[in-house]
Amino acid sequence: MKKLGALIILLLLIAGGIYYYVALPALNFHSPGLWSFIISILAIAGIALIPLKKTSKTVKTGYLTITAVIIGVFIVGGILSSEIINARKYCQLINISERDFSTDIKEVNYNEIPSLDKDSAEKLGLRKMGTMGDLVSQFEVNNLYSQINYNNRPVRVTPLDYGDFFKWLTNRKNGIPAYIRIDMTTQDVECVRLNEGIKYSASELLNRNIYRHLRFSYPTYIFDSISFEIDDNGTPVWICPVRNYTIGLFGGVTIDKVVIVNAINGSTELYNIDEVPNWVDRVYSADLLISYYDYYGKLSNGYLNSIFGQKGCLQTTYGYNYIALEDDVWVYTGVTSVAGDESNVGFVLMNQRTAETRYYSIAGAEEYSAMGSAEGQVQHLGYKATFPLLLNIADQPTYFMALKDSAGLVKNYAMVNIAKYQIVAVGSSILECEQNYIKLMNSNGIEDTDENKAEIMEADGIIEKISEVIVDGNSHYFVKLKDYNKLFDVDVVNNIGILNYGTGSNIKFSYTEGIDYNIVNIVY
(Lines give C-alpha, C1' and ligand atoms only; values in the text may rest on other atoms or scores of the structure.)
Protein backbone atom coordinates (compact mmCIF):
# COMPACT_ATOMS: atom_id res chain seq x y z
CA MET A 1 0.00 0.00 0.00
CA LYS A 2 2.90 2.32 0.75
CA LYS A 3 4.30 1.64 -2.73
CA LEU A 4 0.90 2.45 -4.23
CA GLY A 5 0.77 5.70 -2.27
CA ALA A 6 4.27 6.66 -3.42
CA LEU A 7 3.35 5.86 -7.02
CA ILE A 8 0.23 8.03 -6.79
CA ILE A 9 2.24 10.92 -5.38
CA LEU A 10 4.79 10.53 -8.19
CA LEU A 11 2.04 10.50 -10.82
CA LEU A 12 0.49 13.61 -9.23
CA LEU A 13 3.82 15.41 -9.44
CA ILE A 14 4.27 14.40 -13.08
CA ALA A 15 0.71 15.44 -13.94
CA GLY A 16 1.20 18.74 -12.12
CA GLY A 17 4.46 19.40 -13.97
CA ILE A 18 2.87 18.71 -17.37
CA TYR A 19 -0.15 20.87 -16.49
CA TYR A 20 2.13 23.74 -15.46
CA TYR A 21 4.29 23.46 -18.59
CA VAL A 22 1.23 23.56 -20.84
CA ALA A 23 -1.12 25.97 -18.99
CA LEU A 24 1.66 28.25 -17.62
CA PRO A 25 -0.22 29.76 -14.65
CA ALA A 26 1.50 32.67 -12.92
CA LEU A 27 2.71 31.90 -9.38
CA ASN A 28 0.62 34.76 -8.09
CA PHE A 29 -2.51 34.53 -5.93
CA HIS A 30 -4.17 37.19 -8.09
CA SER A 31 -4.00 34.79 -11.04
CA PRO A 32 -7.26 32.88 -11.70
CA GLY A 33 -5.10 30.38 -13.60
CA LEU A 34 -3.14 29.50 -10.45
CA TRP A 35 -6.35 28.85 -8.53
CA SER A 36 -7.63 26.62 -11.32
CA PHE A 37 -4.29 24.78 -11.23
CA ILE A 38 -4.48 24.21 -7.45
CA ILE A 39 -8.13 23.11 -7.51
CA SER A 40 -7.44 20.72 -10.41
CA ILE A 41 -4.53 19.13 -8.52
CA LEU A 42 -6.71 18.78 -5.41
CA ALA A 43 -9.45 17.14 -7.48
CA ILE A 44 -6.99 14.64 -8.95
CA ALA A 45 -5.57 13.99 -5.47
CA GLY A 46 -9.07 13.31 -4.14
CA ILE A 47 -9.67 10.74 -6.85
CA ALA A 48 -6.28 9.20 -6.09
CA LEU A 49 -7.21 8.73 -2.41
CA ILE A 50 -10.18 6.52 -3.30
CA PRO A 51 -8.22 3.26 -3.81
CA LEU A 52 -6.19 3.88 -0.64
CA LYS A 53 -8.67 2.25 1.72
CA LYS A 54 -6.32 2.35 4.68
CA THR A 55 -5.83 6.10 4.47
CA SER A 56 -6.17 7.51 7.98
CA LYS A 57 -9.18 9.56 8.91
CA THR A 58 -6.85 12.44 9.82
CA VAL A 59 -5.42 12.56 6.28
CA LYS A 60 -8.88 12.52 4.70
CA THR A 61 -10.17 15.18 7.10
CA GLY A 62 -7.12 17.35 6.41
CA TYR A 63 -7.56 16.96 2.66
CA LEU A 64 -11.24 17.93 2.79
CA THR A 65 -10.48 20.91 5.04
CA ILE A 66 -7.74 22.23 2.76
CA THR A 67 -9.93 21.76 -0.32
CA ALA A 68 -12.91 23.52 1.29
CA VAL A 69 -10.75 26.45 2.43
CA ILE A 70 -9.16 26.94 -0.99
CA ILE A 71 -12.48 26.76 -2.84
CA GLY A 72 -14.04 29.08 -0.26
CA VAL A 73 -11.27 31.67 -0.61
CA PHE A 74 -11.61 31.49 -4.41
CA ILE A 75 -15.38 32.08 -4.30
CA VAL A 76 -15.24 34.82 -1.65
CA GLY A 77 -12.31 36.48 -3.45
CA GLY A 78 -14.39 36.59 -6.65
CA ILE A 79 -17.34 38.17 -4.85
CA LEU A 80 -15.19 40.78 -3.11
CA SER A 81 -13.64 41.66 -6.49
CA SER A 82 -16.96 42.17 -8.27
CA GLU A 83 -18.61 45.37 -9.50
CA ILE A 84 -21.56 44.69 -7.18
CA ILE A 85 -19.69 45.96 -4.14
CA ASN A 86 -16.93 47.95 -5.86
CA ALA A 87 -18.82 50.09 -8.37
CA ARG A 88 -17.10 53.31 -7.32
CA LYS A 89 -13.61 51.78 -7.58
CA TYR A 90 -14.32 50.44 -11.07
CA CYS A 91 -15.41 53.92 -12.16
CA GLN A 92 -12.02 55.27 -11.09
CA LEU A 93 -9.91 52.94 -13.24
CA ILE A 94 -9.55 55.74 -15.80
CA ASN A 95 -9.41 59.51 -15.73
CA ILE A 96 -11.48 61.08 -18.49
CA SER A 97 -11.00 64.61 -19.75
CA GLU A 98 -13.61 66.33 -21.91
CA ARG A 99 -11.98 67.93 -24.94
CA ASP A 100 -12.84 70.11 -27.93
CA PHE A 101 -13.03 68.24 -31.25
CA SER A 102 -11.77 71.01 -33.54
CA THR A 103 -8.81 71.74 -31.26
CA ASP A 104 -7.62 68.14 -30.88
CA ILE A 105 -8.55 66.61 -34.23
CA LYS A 106 -6.90 68.69 -36.92
CA GLU A 107 -7.67 68.39 -40.59
CA VAL A 108 -5.42 65.60 -41.75
CA ASN A 109 -3.94 64.42 -45.00
CA TYR A 110 -4.93 60.98 -46.10
CA ASN A 111 -1.33 59.87 -46.44
CA GLU A 112 -1.45 59.45 -42.66
CA ILE A 113 -4.88 57.84 -42.42
CA PRO A 114 -5.41 54.08 -42.90
CA SER A 115 -7.91 53.33 -45.64
CA LEU A 116 -7.78 49.57 -44.96
CA ASP A 117 -9.14 47.56 -42.05
CA LYS A 118 -7.68 44.41 -40.53
CA ASP A 119 -9.68 42.05 -42.78
CA SER A 120 -8.32 43.75 -45.92
CA ALA A 121 -4.82 43.69 -44.45
CA GLU A 122 -5.12 39.95 -43.86
CA LYS A 123 -6.12 39.37 -47.49
CA LEU A 124 -3.19 41.45 -48.73
CA GLY A 125 -0.84 39.58 -46.43
CA LEU A 126 -2.02 36.19 -47.67
CA ARG A 127 -1.65 37.27 -51.29
CA LYS A 128 1.87 38.50 -50.64
CA MET A 129 2.74 35.26 -48.91
CA GLY A 130 1.46 33.34 -51.92
CA THR A 131 4.09 35.02 -54.08
CA MET A 132 6.98 34.05 -51.78
CA GLY A 133 7.77 30.66 -53.27
CA ASP A 134 10.58 29.81 -50.85
CA LEU A 135 8.49 30.63 -47.77
CA VAL A 136 4.92 29.64 -48.55
CA SER A 137 5.63 25.91 -48.32
CA GLN A 138 7.17 26.21 -44.84
CA PHE A 139 5.44 29.10 -43.10
CA GLU A 140 2.02 30.68 -42.59
CA VAL A 141 1.01 34.26 -41.83
CA ASN A 142 -0.06 34.89 -38.25
CA ASN A 143 -3.37 36.77 -37.95
CA LEU A 144 -2.16 39.32 -35.34
CA TYR A 145 -1.68 42.29 -37.73
CA SER A 146 -0.91 44.84 -35.00
CA GLN A 147 -1.53 48.41 -36.13
CA ILE A 148 1.33 50.72 -35.15
CA ASN A 149 2.99 53.97 -36.21
CA TYR A 150 6.22 53.31 -38.06
CA ASN A 151 8.21 56.25 -39.42
CA ASN A 152 5.11 58.42 -38.89
CA ARG A 153 2.95 56.17 -41.04
CA PRO A 154 0.16 53.77 -40.00
CA VAL A 155 1.22 50.20 -40.75
CA ARG A 156 0.18 46.73 -39.69
CA VAL A 157 2.82 44.16 -38.85
CA THR A 158 2.52 40.44 -38.22
CA PRO A 159 5.01 37.58 -37.90
CA LEU A 160 5.10 34.35 -39.85
CA ASP A 161 4.41 31.03 -38.12
CA TYR A 162 5.79 27.55 -38.69
CA GLY A 163 3.43 25.64 -40.98
CA ASP A 164 3.17 22.50 -38.81
CA PHE A 165 5.16 20.26 -36.47
CA PHE A 166 7.50 18.90 -39.13
CA LYS A 167 8.13 22.35 -40.62
CA TRP A 168 8.90 23.60 -37.12
CA LEU A 169 11.31 20.70 -36.64
CA THR A 170 13.05 21.49 -39.94
CA ASN A 171 13.29 25.26 -39.55
CA ARG A 172 13.55 25.94 -35.80
CA LYS A 173 17.36 26.10 -35.84
CA ASN A 174 17.35 29.20 -38.07
CA GLY A 175 14.01 30.53 -36.86
CA ILE A 176 11.32 32.39 -38.79
CA PRO A 177 13.05 34.39 -41.55
CA ALA A 178 10.60 37.28 -42.12
CA TYR A 179 7.57 39.26 -41.07
CA ILE A 180 4.84 41.05 -43.06
CA ARG A 181 4.51 44.86 -43.05
CA ILE A 182 1.55 46.60 -44.73
CA ASP A 183 1.29 50.35 -45.31
CA MET A 184 -2.35 51.10 -44.48
CA THR A 185 -2.51 54.15 -46.75
CA THR A 186 -0.77 53.02 -49.95
CA GLN A 187 -1.66 49.31 -49.52
CA ASP A 188 1.98 48.42 -50.19
CA VAL A 189 2.80 44.99 -48.74
CA GLU A 190 6.35 44.02 -47.89
CA CYS A 191 7.73 40.70 -46.69
CA VAL A 192 10.63 41.97 -44.58
CA ARG A 193 13.53 39.50 -44.65
CA LEU A 194 15.69 39.28 -41.53
CA ASN A 195 19.42 38.68 -41.33
CA GLU A 196 18.73 36.49 -38.32
CA GLY A 197 15.44 34.65 -37.88
CA ILE A 198 12.77 35.09 -35.21
CA LYS A 199 13.45 32.44 -32.57
CA TYR A 200 10.78 33.42 -30.04
CA SER A 201 7.23 33.21 -31.33
CA ALA A 202 3.77 31.88 -30.55
CA SER A 203 4.23 28.99 -32.99
CA GLU A 204 7.39 27.71 -31.24
CA LEU A 205 6.52 24.45 -29.46
CA LEU A 206 9.08 24.20 -26.66
CA ASN A 207 10.92 26.63 -24.38
CA ARG A 208 11.25 29.34 -27.04
CA ASN A 209 7.49 29.70 -27.21
CA ILE A 210 7.00 33.36 -26.34
CA TYR A 211 4.47 32.61 -23.56
CA ARG A 212 6.67 29.91 -22.02
CA HIS A 213 9.73 32.15 -22.31
CA LEU A 214 7.88 34.90 -20.45
CA ARG A 215 6.63 32.55 -17.75
CA PHE A 216 10.03 31.04 -17.00
CA SER A 217 11.66 34.50 -17.03
CA TYR A 218 8.97 36.14 -14.88
CA PRO A 219 7.17 33.34 -12.98
CA THR A 220 5.03 35.65 -10.80
CA TYR A 221 3.92 38.12 -13.50
CA ILE A 222 0.39 37.99 -14.91
CA PHE A 223 0.56 39.10 -18.54
CA ASP A 224 -2.21 40.82 -20.46
CA SER A 225 -2.61 40.40 -24.24
CA ILE A 226 0.81 40.58 -25.86
CA SER A 227 1.37 42.20 -29.26
CA PHE A 228 3.91 42.03 -32.05
CA GLU A 229 5.64 45.28 -33.01
CA ILE A 230 8.81 46.54 -34.65
CA ASP A 231 11.08 49.21 -33.20
CA ASP A 232 12.39 52.24 -35.08
CA ASN A 233 15.07 50.07 -36.71
CA GLY A 234 12.59 47.45 -37.89
CA THR A 235 13.65 44.88 -35.28
CA PRO A 236 10.75 42.54 -34.35
CA VAL A 237 9.76 42.60 -30.68
CA TRP A 238 6.98 41.38 -28.41
CA ILE A 239 5.27 43.95 -26.20
CA CYS A 240 4.11 42.19 -23.03
CA PRO A 241 2.04 44.25 -20.54
CA VAL A 242 2.02 43.08 -16.90
CA ARG A 243 -1.32 43.09 -15.11
CA ASN A 244 -1.89 44.50 -11.65
CA TYR A 245 -5.13 43.72 -9.79
CA THR A 246 -6.26 46.71 -7.76
CA ILE A 247 -9.74 45.63 -6.58
CA GLY A 248 -9.96 42.58 -4.36
CA LEU A 249 -8.36 39.33 -5.50
CA PHE A 250 -9.32 39.30 -9.18
CA GLY A 251 -10.71 42.74 -10.08
CA GLY A 252 -9.59 46.14 -11.27
CA VAL A 253 -7.05 45.13 -13.89
CA THR A 254 -4.47 47.81 -14.65
CA ILE A 255 -1.05 47.73 -16.31
CA ASP A 256 1.91 48.70 -14.12
CA LYS A 257 4.88 47.23 -16.02
CA VAL A 258 5.82 46.24 -19.56
CA VAL A 259 8.28 43.58 -20.68
CA ILE A 260 9.76 44.03 -24.17
CA VAL A 261 11.14 40.82 -25.67
CA ASN A 262 13.51 40.80 -28.64
CA ALA A 263 11.84 38.24 -30.92
CA ILE A 264 15.19 37.22 -32.44
CA ASN A 265 17.37 36.51 -29.42
CA GLY A 266 14.85 36.48 -26.55
CA SER A 267 16.51 39.24 -24.52
CA THR A 268 14.07 41.08 -22.25
CA GLU A 269 13.77 44.61 -20.89
CA LEU A 270 11.43 45.53 -18.04
CA TYR A 271 9.91 49.01 -17.80
CA ASN A 272 7.55 50.68 -15.37
CA ILE A 273 4.45 51.93 -17.15
CA ASP A 274 5.59 55.56 -17.04
CA GLU A 275 8.99 54.68 -18.56
CA VAL A 276 7.85 52.80 -21.67
CA PRO A 277 9.72 54.05 -24.81
CA ASN A 278 7.73 56.36 -27.07
CA TRP A 279 8.10 54.05 -30.09
CA VAL A 280 5.96 51.43 -28.33
CA ASP A 281 2.34 51.75 -29.48
CA ARG A 282 0.31 48.91 -27.93
CA VAL A 283 0.48 48.55 -24.14
CA TYR A 284 -3.22 48.64 -23.29
CA SER A 285 -5.34 46.38 -25.47
CA ALA A 286 -8.39 47.92 -27.12
CA ASP A 287 -10.69 45.56 -25.19
CA LEU A 288 -9.18 46.59 -21.84
CA LEU A 289 -9.52 50.31 -22.62
CA ILE A 290 -13.11 49.89 -23.77
CA SER A 291 -13.94 47.96 -20.58
CA TYR A 292 -12.64 50.92 -18.57
CA TYR A 293 -15.06 53.32 -20.22
CA ASP A 294 -17.96 50.85 -19.94
CA TYR A 295 -17.35 50.60 -16.18
CA TYR A 296 -17.30 54.39 -15.96
CA GLY A 297 -20.38 54.87 -18.14
CA LYS A 298 -22.54 52.21 -16.50
CA LEU A 299 -21.48 52.32 -12.83
CA SER A 300 -21.13 56.06 -12.14
CA ASN A 301 -24.48 56.10 -10.34
CA GLY A 302 -24.03 52.76 -8.60
CA TYR A 303 -24.40 49.10 -9.52
CA LEU A 304 -28.13 48.84 -8.84
CA ASN A 305 -28.82 51.82 -11.10
CA SER A 306 -26.91 50.08 -13.91
CA ILE A 307 -29.36 47.15 -13.66
CA PHE A 308 -32.70 48.77 -12.87
CA GLY A 309 -33.16 52.52 -13.37
CA GLN A 310 -30.16 52.97 -15.69
CA LYS A 311 -30.31 56.72 -15.17
CA GLY A 312 -27.43 58.37 -17.03
CA CYS A 313 -25.94 55.01 -18.04
CA LEU A 314 -23.73 55.06 -21.12
CA GLN A 315 -21.74 52.45 -22.99
CA THR A 316 -19.40 52.22 -25.94
CA THR A 317 -20.81 51.19 -29.28
CA TYR A 318 -20.08 47.75 -30.67
CA GLY A 319 -16.87 48.09 -32.64
CA TYR A 320 -13.82 50.34 -32.69
CA ASN A 321 -11.02 51.57 -34.93
CA TYR A 322 -7.57 53.11 -34.57
CA ILE A 323 -6.41 56.69 -35.12
CA ALA A 324 -2.81 57.89 -35.32
CA LEU A 325 -2.56 61.04 -33.22
CA GLU A 326 0.42 62.78 -31.58
CA ASP A 327 2.72 59.91 -32.60
CA ASP A 328 0.60 57.39 -30.68
CA VAL A 329 -2.13 54.94 -31.61
CA TRP A 330 -5.52 55.78 -30.12
CA VAL A 331 -8.58 53.55 -29.95
CA TYR A 332 -11.69 55.28 -31.22
CA THR A 333 -15.24 54.25 -30.38
CA GLY A 334 -18.60 55.97 -30.01
CA VAL A 335 -20.59 56.44 -26.82
CA THR A 336 -24.31 55.73 -26.73
CA SER A 337 -27.12 55.14 -24.27
CA VAL A 338 -27.56 51.67 -22.77
CA ALA A 339 -31.10 51.83 -24.15
CA GLY A 340 -29.62 50.72 -27.48
CA ASP A 341 -30.82 53.54 -29.73
CA GLU A 342 -29.16 54.33 -33.05
CA SER A 343 -27.46 57.57 -32.08
CA ASN A 344 -24.31 58.57 -30.23
CA VAL A 345 -23.99 61.21 -27.54
CA GLY A 346 -20.25 61.50 -28.14
CA PHE A 347 -17.10 59.49 -28.65
CA VAL A 348 -13.87 58.66 -26.86
CA LEU A 349 -10.22 58.40 -27.88
CA MET A 350 -8.07 56.14 -25.69
CA ASN A 351 -4.28 56.10 -25.90
CA GLN A 352 -2.91 52.55 -26.19
CA ARG A 353 0.44 53.49 -24.64
CA THR A 354 -0.66 55.65 -21.71
CA ALA A 355 -4.41 54.90 -21.29
CA GLU A 356 -5.17 58.64 -21.52
CA THR A 357 -8.88 58.95 -22.34
CA ARG A 358 -10.51 61.91 -24.05
CA TYR A 359 -14.26 62.41 -24.37
CA TYR A 360 -15.85 64.55 -27.09
CA SER A 361 -19.48 65.54 -26.74
CA ILE A 362 -20.82 65.29 -30.29
CA ALA A 363 -24.33 64.00 -30.83
CA GLY A 364 -25.08 62.23 -34.07
CA ALA A 365 -25.38 58.97 -35.91
CA GLU A 366 -24.14 55.74 -34.38
CA GLU A 367 -21.40 54.10 -36.46
CA TYR A 368 -23.47 51.25 -37.83
CA SER A 369 -26.21 53.66 -38.89
CA ALA A 370 -23.57 55.65 -40.78
CA MET A 371 -22.24 52.45 -42.34
CA GLY A 372 -25.75 51.60 -43.47
CA SER A 373 -26.14 55.07 -45.00
CA ALA A 374 -22.89 54.67 -46.94
CA GLU A 375 -23.81 51.18 -48.15
CA GLY A 376 -27.18 52.53 -49.28
CA GLN A 377 -25.40 54.80 -51.76
CA VAL A 378 -23.86 51.77 -53.52
CA GLN A 379 -26.50 49.14 -52.79
CA HIS A 380 -26.67 48.22 -56.49
CA LEU A 381 -23.02 47.20 -56.25
CA GLY A 382 -23.33 45.32 -52.96
CA TYR A 383 -20.30 46.97 -51.34
CA LYS A 384 -19.80 46.71 -47.56
CA ALA A 385 -18.44 49.51 -45.38
CA THR A 386 -15.53 49.18 -42.99
CA PHE A 387 -15.95 50.40 -39.40
CA PRO A 388 -15.56 54.20 -39.64
CA LEU A 389 -12.68 56.44 -38.74
CA LEU A 390 -13.54 59.78 -37.19
CA LEU A 391 -11.97 62.69 -39.07
CA ASN A 392 -12.12 66.45 -39.19
CA ILE A 393 -13.23 67.47 -42.68
CA ALA A 394 -13.62 71.24 -43.04
CA ASP A 395 -14.11 71.53 -39.26
CA GLN A 396 -16.96 69.03 -39.39
CA PRO A 397 -16.87 65.74 -37.42
CA THR A 398 -17.06 63.16 -40.19
CA TYR A 399 -17.12 59.39 -40.49
CA PHE A 400 -14.72 58.12 -43.14
CA MET A 401 -14.88 54.54 -44.38
CA ALA A 402 -13.81 52.34 -47.25
CA LEU A 403 -16.37 50.41 -49.29
CA LYS A 404 -15.31 46.87 -50.20
CA ASP A 405 -16.58 44.35 -52.70
CA SER A 406 -17.32 40.68 -51.93
CA ALA A 407 -13.63 39.82 -52.43
CA GLY A 408 -12.60 42.33 -49.75
CA LEU A 409 -11.05 44.79 -52.19
CA VAL A 410 -11.51 48.53 -51.62
CA LYS A 411 -13.59 49.95 -54.46
CA ASN A 412 -14.93 53.26 -53.14
CA TYR A 413 -14.68 55.62 -50.21
CA ALA A 414 -17.49 57.26 -48.25
CA MET A 415 -17.89 60.21 -45.90
CA VAL A 416 -20.88 60.69 -43.62
CA ASN A 417 -21.57 63.81 -41.59
CA ILE A 418 -22.04 62.77 -37.96
CA ALA A 419 -24.58 65.43 -37.01
CA LYS A 420 -26.55 65.07 -40.28
CA TYR A 421 -25.99 61.52 -41.40
CA GLN A 422 -28.23 61.98 -44.43
CA ILE A 423 -25.26 63.85 -45.92
CA VAL A 424 -23.36 60.98 -47.54
CA ALA A 425 -20.69 61.34 -50.22
CA VAL A 426 -19.06 58.55 -52.20
CA GLY A 427 -16.06 58.66 -54.55
CA SER A 428 -13.76 56.29 -56.38
CA SER A 429 -10.77 58.11 -54.88
CA ILE A 430 -10.35 59.84 -51.55
CA LEU A 431 -10.02 63.26 -53.20
CA GLU A 432 -13.19 62.79 -55.24
CA CYS A 433 -15.05 61.64 -52.14
CA GLU A 434 -13.89 64.66 -50.14
CA GLN A 435 -14.81 67.10 -52.91
CA ASN A 436 -18.29 65.56 -53.24
CA TYR A 437 -18.72 65.71 -49.48
CA ILE A 438 -17.83 69.40 -49.25
CA LYS A 439 -20.23 70.21 -52.11
CA LEU A 440 -23.01 68.35 -50.30
CA MET A 441 -22.36 70.24 -47.07
CA ASN A 442 -22.42 73.54 -48.93
CA SER A 443 -25.70 72.69 -50.60
CA ASN A 444 -27.17 71.70 -47.21
CA GLY A 445 -26.28 75.01 -45.60
CA ILE A 446 -23.37 73.86 -43.46
CA GLU A 447 -20.98 76.79 -43.11
CA ASP A 448 -17.18 76.97 -43.05
CA THR A 449 -16.73 74.45 -45.84
CA ASP A 450 -15.02 76.38 -48.60
CA GLU A 451 -14.90 73.86 -51.44
CA ASN A 452 -12.09 75.73 -53.15
CA LYS A 453 -9.79 75.71 -50.15
CA ALA A 454 -7.14 73.50 -51.78
CA GLU A 455 -4.07 75.54 -52.72
CA ILE A 456 -2.14 74.66 -55.88
CA MET A 457 1.54 74.07 -55.12
CA GLU A 458 4.55 72.77 -57.04
CA ALA A 459 7.08 70.02 -56.46
CA ASP A 460 10.29 69.24 -58.34
CA GLY A 461 12.56 66.28 -57.67
CA ILE A 462 13.81 62.78 -58.40
CA ILE A 463 11.41 59.87 -58.10
CA GLU A 464 12.55 57.63 -55.24
CA LYS A 465 9.66 55.17 -55.49
CA ILE A 466 6.66 54.76 -57.76
CA SER A 467 3.88 52.19 -57.36
CA GLU A 468 0.69 51.47 -59.30
CA VAL A 469 -2.65 50.92 -57.54
CA ILE A 470 -5.98 50.11 -59.16
CA VAL A 471 -8.91 52.06 -57.68
CA ASP A 472 -12.33 51.00 -58.96
CA GLY A 473 -10.81 49.91 -62.28
CA ASN A 474 -8.80 53.11 -62.70
CA SER A 475 -5.02 53.28 -62.51
CA HIS A 476 -3.37 55.52 -59.94
CA TYR A 477 0.33 55.94 -59.25
CA PHE A 478 1.76 56.78 -55.84
CA VAL A 479 4.99 58.77 -56.24
CA LYS A 480 7.61 59.35 -53.54
CA LEU A 481 10.22 62.04 -54.26
CA LYS A 482 13.61 62.31 -52.65
CA ASP A 483 13.70 64.95 -49.90
CA TYR A 484 9.87 65.02 -49.72
CA ASN A 485 8.15 63.42 -46.73
CA LYS A 486 4.97 62.93 -48.76
CA LEU A 487 3.32 60.54 -51.18
CA PHE A 488 1.68 62.04 -54.29
CA ASP A 489 -1.37 60.43 -55.88
CA VAL A 490 -1.48 60.52 -59.69
CA ASP A 491 -4.75 59.75 -61.49
CA VAL A 492 -3.47 58.20 -64.74
CA VAL A 493 -6.63 59.08 -66.68
CA ASN A 494 -5.97 62.79 -66.15
CA ASN A 495 -2.17 62.56 -66.16
CA ILE A 496 -1.27 59.99 -68.82
CA GLY A 497 2.24 61.43 -68.98
CA ILE A 498 3.13 59.67 -65.70
CA LEU A 499 3.62 56.48 -67.74
CA ASN A 500 6.85 58.01 -69.10
CA TYR A 501 8.43 58.18 -65.64
CA GLY A 502 10.11 55.62 -63.40
CA THR A 503 12.39 55.38 -60.39
CA GLY A 504 15.26 57.84 -60.77
CA SER A 505 13.39 60.13 -63.21
CA ASN A 506 13.31 63.86 -62.60
CA ILE A 507 9.76 65.20 -62.50
CA LYS A 508 8.02 68.50 -61.86
CA PHE A 509 4.31 68.86 -61.21
CA SER A 510 1.67 70.94 -59.48
CA TYR A 511 -0.43 69.44 -56.70
CA THR A 512 -3.05 70.24 -54.08
CA GLU A 513 -2.02 70.04 -50.44
CA GLY A 514 -4.41 69.66 -47.56
CA ILE A 515 -6.45 66.56 -46.98
CA ASP A 516 -4.44 64.71 -49.62
CA TYR A 517 -1.48 65.30 -51.93
CA ASN A 518 -2.92 64.99 -55.43
CA ILE A 519 -1.05 65.80 -58.61
CA VAL A 520 -2.99 68.24 -60.75
CA ASN A 521 -0.67 68.72 -63.70
CA ILE A 522 2.71 67.30 -64.73
CA VAL A 523 5.00 70.04 -66.09
CA TYR A 524 7.84 67.80 -67.26
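FYI, side chains are in, hydrogens and waters are out, and symmetry mates aren't considered; it's all heavy atoms of this structure. Note that this is a predicted model, so its numbers are computed, not measured.
- Looking at D117, its side chain does come within 3.5 Å of a backbone N or O of S120 through a donor-acceptor pair.
- No donor-acceptor pair closer than 3.5 Å links the side chain of S369 to the backbone N or O of A365.
- Residues Y368 and Y318 are in side-chain contact: their nearest non-hydrogen atoms beyond the backbone lie under 4.5 Å apart.
- By the side chain to side chain donor-acceptor pair (under 3.5 Å) test, Y359 is found to be paired with no residue, residues two or more places apart in sequence or in another chain being considered.
- N262 contributes a side-chain N or O that, together with a main-chain N or O of I264, makes up a donor-acceptor pair within less than 3.5 Å.
- Every residue two or more places apart in sequence or in another chain that forms a side chain to side chain donor-acceptor pair (under 3.5 Å) with D100 is listed here: T103.
- For the atom pair K404 NZ and L381 CG, the distance stands at 16.0 Å (nearest 0.5 Å).
- Qualifying ring-ring contact (aromatic ring centres under 6.0 Å, His included) partners for Y360, counting only residues two or more places apart in sequence or in other chains: F347.
- Nearest heavy-atom pair, N142 versus Y145, reported as atom, atom and distance to 0.1 Å: O-CE1, 3.4 Å.
- Taking the six-membered ring for Trp and thresholds of 30 and 60 degrees, F400 and Y413 have nearly parallel ring planes, at less than 30 degrees apart.
- Annotation: side chain of V242 is not in contact with side chain of I255 (no heavy-atom distance under 4.5 Å).
- Looking at residues two or more places apart in sequence or on another chain, you find no ring-ring contact (aromatic ring centres under 6.0 Å, His included) involving Y303.
- Here the shortest heavy-atom pairing between I176 and L194 reads O-CD1, 4.1 Å.
- Without hydrogens or angle criteria, N417 side chain to A419 main chain gives a donor-acceptor distance under 3.5 Å.
- Inter-residue side-chain proximity for I418 and T398 is flagged as unmet; no heavy-atom pair is nearer than 4.5 Å.
- No more than 12 heavy-atom neighbours from other residues, nucleotides or ligands sit within 6.0 angstrom of CG on N95.
- A salt bridge is defined here as a Lys NZ or Arg NE, NH1 or NH2 lying under 4.0 Å from an Asp or Glu carboxylate O, and E356 with R99 meets this definition.
- Nearest heavy-atom pair, N412 versus V426, reported as atom, atom and distance to 0.1 Å: CB-CG1, 4.0 Å.
- The shortest side-chain heavy-atom distance between P177 and L135 falls under the 4.5 Å cut-off.
- When each of N321, T333, N344, T336 is paired with E367, the side-chain hydrogen bond (donor to acceptor under 3.5 Å, both in side chains) condition holds for N344 and for no other.
- You'll find the side chain of V261 stays beyond 4.5 Å of the side chain of I239, heavy atoms only.
- Ring orientation note: the planes of Y296 and Y293 are tilted relative to one another, at an angle of 30° to 60°.
- A salt bridge is absent between R156 and E229; no separation between the charged side-chain nitrogens and carboxylate oxygens falls under 4.0 Å.
- Partners of R282 by salt bridge (charged side-chain N to carboxylate O under 4.0 Å, His left out), not counting sequence neighbours: none found.
- Here the closest non-hydrogen pair linking L144 and W238 is CD1-CZ3, 3.7 Å.
- Counted within 6.0 Å of CZ on F387, heavy atoms from surrounding residues, nucleotides or ligands total more than 12; the atom is thus considered enclosed.
- Side-chain contact check for V479 versus K465: every heavy-atom pair is 4.5 Å or farther apart.
- Not one N or O on the side chain of E83 forms a donor-acceptor pair closer than 3.5 Å with the backbone of N86.
- With contacts defined as side-chain heavy-atom distances shorter than 4.5 Å, the pair C313/N301 does not qualify.
- Residues D224 and S285 share a closest heavy-atom pair of OD2-OG, 3.7 Å.
- Counting only heavy atoms from C-beta outward, the side chains of I462 and Y484 never approach each other to under 4.5 Å.
- Side-chain contact check for Y90 and Q92: no donor-acceptor pair (N or O, by modelled atom type) lies under 3.5 Å.
- Partner Y292 forms a side chain to side chain contact (heavy atoms under 4.5 Å, CB included) with one of T357, T316, T254 and no other, that one being T254.
- A donor-acceptor contact closer than 3.5 angstrom links the side chains of T185 and D183.
- Using modelled atom types, no side-chain atom of W330 and backbone atom of N351 make a donor-acceptor pair closer than 3.5 Å.
- Distance check: Q396 CD to I438 CD1 gives 10.5 Å after rounding to the nearest 0.5 Å.
- Of all heavy-atom pairs between R353 and N278, the closest is NH1-OD1, 3.3 Å.
- For K480, the side chain to side chain donor-acceptor pair (under 3.5 Å) criterion is met by E464, not counting sequence neighbours.
- Between the CD1 atom in I290 and the OH atom in Y295 there is a gap of 12.5 Å [rounded to 0.5 Å].
- Taken to the nearest 0.5 Å, the CG atom of N149 stands 5.0 Å off from the CG atom of D281.
- Counting non-hydrogen atoms of other residues, nucleotides and ligands closer than 6.0 Å to CG of D483 gives a total of 12 or fewer.
- No side-chain donor from either of Y179 and E190 sits under 3.5 Å from a side-chain acceptor of the other.
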